[in-house]
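Below you'll find the structure, written out as structure tokens, and then a few comments.
The chains referred to below are lettered A, B, ... by the order of the sequence lines, with proteins before strands, and numbering in each begins at 1. The figures that follow rest on heavy atoms only: side chains count, while hydrogens, waters and symmetry mates do not.
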2 protein chains.
Amino acid sequence: MEVDEQESLGSVPVALSPLERFEEYLQSRGQRNTEQRRYLVERVFSHHEHFDADQLMEQLPRKGHPNYVSRPTVYRTLKEFVDAGLLRSFELNGRAVYEHDYGYPQHDHLYCEKCHKLIEFRTEALTEIIASIAQLHKFRIRGHRLTVDGVCDACSKQRSRERRRQDRV
Amino acid sequence: MEVDEQESLGSVPVALSPLERFEEYLQSRGQRNTEQRRYLVERVFSHHEHFDADQLMEQLPRKGHPNYVSRPTVYRTLKEFVDAGLLRSFELNGRAVYEHDYGYPQHDHLYCEKCHKLIEFRTEALTEIIASIAQLHKFRIRGHRLTVDGVCDACSKQRSRERRRQDRV
DNA sequence: ATCGTTGCAAACGTTTTGCATAAGG
DNA sequence: CCTTATGCAAAACGTTTGCAACGAT
């Protein structure tokens with residue numbers, strides 16, 4: 001579930017930091033700027049990675065330590081981040097996976113069934129196809145999720161190496 | 001989760017019926033041709049619809065009645081149908097959704113967030129884009145899932161009608 | 001007779017809830 | 001002070017499992 005560094009799509013310049021944007025969102029809805037929320041924005045945006053609620057929890061301080069955030073609050077806050085446009089979420093193997101949305105370009109994923117890595121890609125052609133399909137069906141688009149399942153280059157090479165090794169035995 | 005009849009993509013002629021194909025699959029793997037499996041093939045292929053395990057269970061005979069199939073068996077059998085190539089499955093709102101695969105052309109979906117209807121569409125252009133992306137990344141494709149989220153024509157019309165009604169008050 | 005399959009009950013992993021307490025505005 | 005947010009415990013959700021009884025080959 002890590003991002004392949006070589007596949008990074010760069011970032012889009014934005015006016016406000018994720019924290020500023022979130023604070024603005026909270027204010028506009030009369031919600032509160034709590035320590036937990038501020039801390040989670042900081043942690044979630046400190047590195048660009050795909051993650052699920054559990055992986056995030058593992059990286060956070062344990063119960064009893066400073067900045068501890070309970071599991072329900074993590075779930076509630078991730079949902080708020082999605083509403084606020086900071087994160088995008090999609091489902092993979094029955095769990096919700098999150099990734100940066102704010103300040104990050106729209107993209108889709110290749111999902112390797114062997115190493116479970118998500119490789120990001122971006123293509124204008126896809127956007128155009130979707131737009132024309134939607135027009136045909138008079139469908140108002142809000143977003144899309146495309147996942148291509150298969151086996152990545154590294155895992156294909158690994159498997160053929162293993163097959164060769166087996167042949168020698 | 002119903003199929004829009006008007007959006008039906010037709011079917012592809014196949015040599016064997018779903019039941020025959022499944023029986024062949026079972027035989028090839030030394031698995032058994034049980035009454036429950038035969039009954040479920042019949043029910044699942046009696047109409048072309050998207051469905052989840054719960055929706056299927058609701059349509060099946062209740063405990064104590066003839067042809068009753070338990071929940072675990074329904075789950076196990078749906079998984080076998082996917083392995084056998086009879087059904088395709090994808091995740092929607094945290095549940096596994098199934099649709100016919102055998103004898104039905106590859107397609108993708110528009111998902112209406114208002115009425116939760118899945119509209120099927122098919123485009124050759126998408127297949128080509130995915131192939132070229134995969135080639136670029138030396139990625140071996142096994143399949144893909146594209147879902148376009150938004151609001152369908154019917155729901156858009158409904159909402160504007162309601163807005164107009166409100167304006168008159 | 002063998003061994004895969006079923007139904008039951010109980011577990012599972014993820015996410016959500018009700019509620020009392022804490023803390024932001 | 002008035003709410004909203006939090007942490008806790010427990011529930012809810014869809015799905016899977018262990019196991020004894022059953023049934024197909």
Is there a donor on the side chain of B/R76 or the base of C/dG4 sitting less than 3.5 Å from an acceptor on the other?
no
Would you kindly check whether a donor in the side chain of B/R95 faces an acceptor in the base of D/dC13, or vice versa, at under 3.5 angstrom?
no
Can you figure out which of D/dT16, D/dT6, C/dG25 approaches the side chain of B/P72 most closely?
D/dT16
What about B/R29: does its side chain form a donor-acceptor pair under 3.5 Å with the base of C/dG4?
no
Heavy-atom nearest nucleotide on DNA chain D taken for A/K63 and for B/Q31; more 5' hit belongs to A/K63
Flag yes if more than 12 heavy atoms outside B/E113 fall under 6.0 Å of its CD atom; otherwise flag no.
yes
Quick one about A/E120 and A/Y104 (side-chain donor to acceptor, distance below 3.5 Å, no hydrogens or angles considered), yes or no?
yes
Determine the interplanar angle of the B/F81 and B/F22 rings, folded into 0 to 90°, and report it as parallel if under 30°, tilted if 30 to 60°, perpendicular if over 60°.
perpendicular
Crowded around B/Q59 CD? As in, over 12 foreign heavy atoms under 6.0 Å?
yes
Find which nucleotide of DNA chain D each of B/K79 and B/N33 is nearest to by heavy atoms, and output the residue with the more 5' nucleotide.
B/K79
Decide side chain to side chain donor-acceptor pair (under 3.5 Å) for B/E49 and B/H100; before the verdict, give the C-alpha distance in whole Å, the side-chain angles of both, and the deciding distance to 0.1 Å.
CA-CA 8 Å; B/E49 240 173 31; B/H100 295 180; over 6 Å; no
Would you kindly give the CG-to-P distance between A/N67 and D/dT6, to the nearest whole Å?
13 Å
Mind checking A/E35 for me? I need base, sugar-phosphate or nothing, with any heavy atom below 4.0 Å counting as a touch.
nothing
I want to check one thing: is the phosphate of C/dT6, taken as OP1 and OP2, less than 4.0 Å away from some side-chain N or O of B/Y39?
no
If you look at every strand shown and take non-hydrogen atoms under 4.0 Å, does B/R37 touch a base, only sugar-phosphate, or nothing?
sugar-phosphate
Does A/R142 CZ have over 12 foreign heavy atoms under 6.0 Å away?
no
To the nearest Å, how far apart are A/F51 CZ and C/dT15 P?
12 Å
Using only side-chain N and O atoms of A/Y75, determine if any of them is under 4.0 Å from OP1 or OP2 of C/dT16.
no
Just compare C/dT16, C/dG24, D/dG7 and give me whichever is closest to any side-chain atom of A/S70.
D/dG7
Taking 4.0 Å as the cut-off, does a side-chain nitrogen or oxygen of A/T34 come that near to OP1 or OP2 on D/dT6?
yes
Among C/dT15, C/dG7, D/dT15, the nucleotide that comes nearest once only the side chain of A/A96 is considered:
C/dT15
Would you tell me if any nitrogen or oxygen in the side chain of A/Q36 comes within less than 4.0 Å of OP1 or OP2 on D/dA5?
no
Once you round it to whole Å, what is the distance between P of D/dG7 and CG of A/L60?
11 Å
Side-chain atoms of A/T73 come closest, of C/dG4, D/dT15, D/dG7, to D/dG7
Whole angstrom value for the distance that separates P of D/dC13 from CD of A/E91
16 Å
Between C/dT14 atom C1' and A/E58 atom CD, what is the distance in whole Å?
14 Å
Using a cut-off of 4.0 Å on non-hydrogen atoms, how would the nucleic acid contact of B/D54 be classed: base, sugar-phosphate, or nothing?
nothing
Separation of atom CG in B/L56 from atom C1' in D/dG14, rounded to whole Å
14 Å
Integer-rounded Å distance: D/dG7 P and A/R32 CZ:
15 Å
For B/G30 and B/Y68, take the nucleotide of DNA chain C holding the closest heavy atom to each; which residue's nucleotide lies nearer the 5' end?
B/G30
Value in whole Å for how far the P atom of D/dT15 lies from CG of B/L78
9 Å
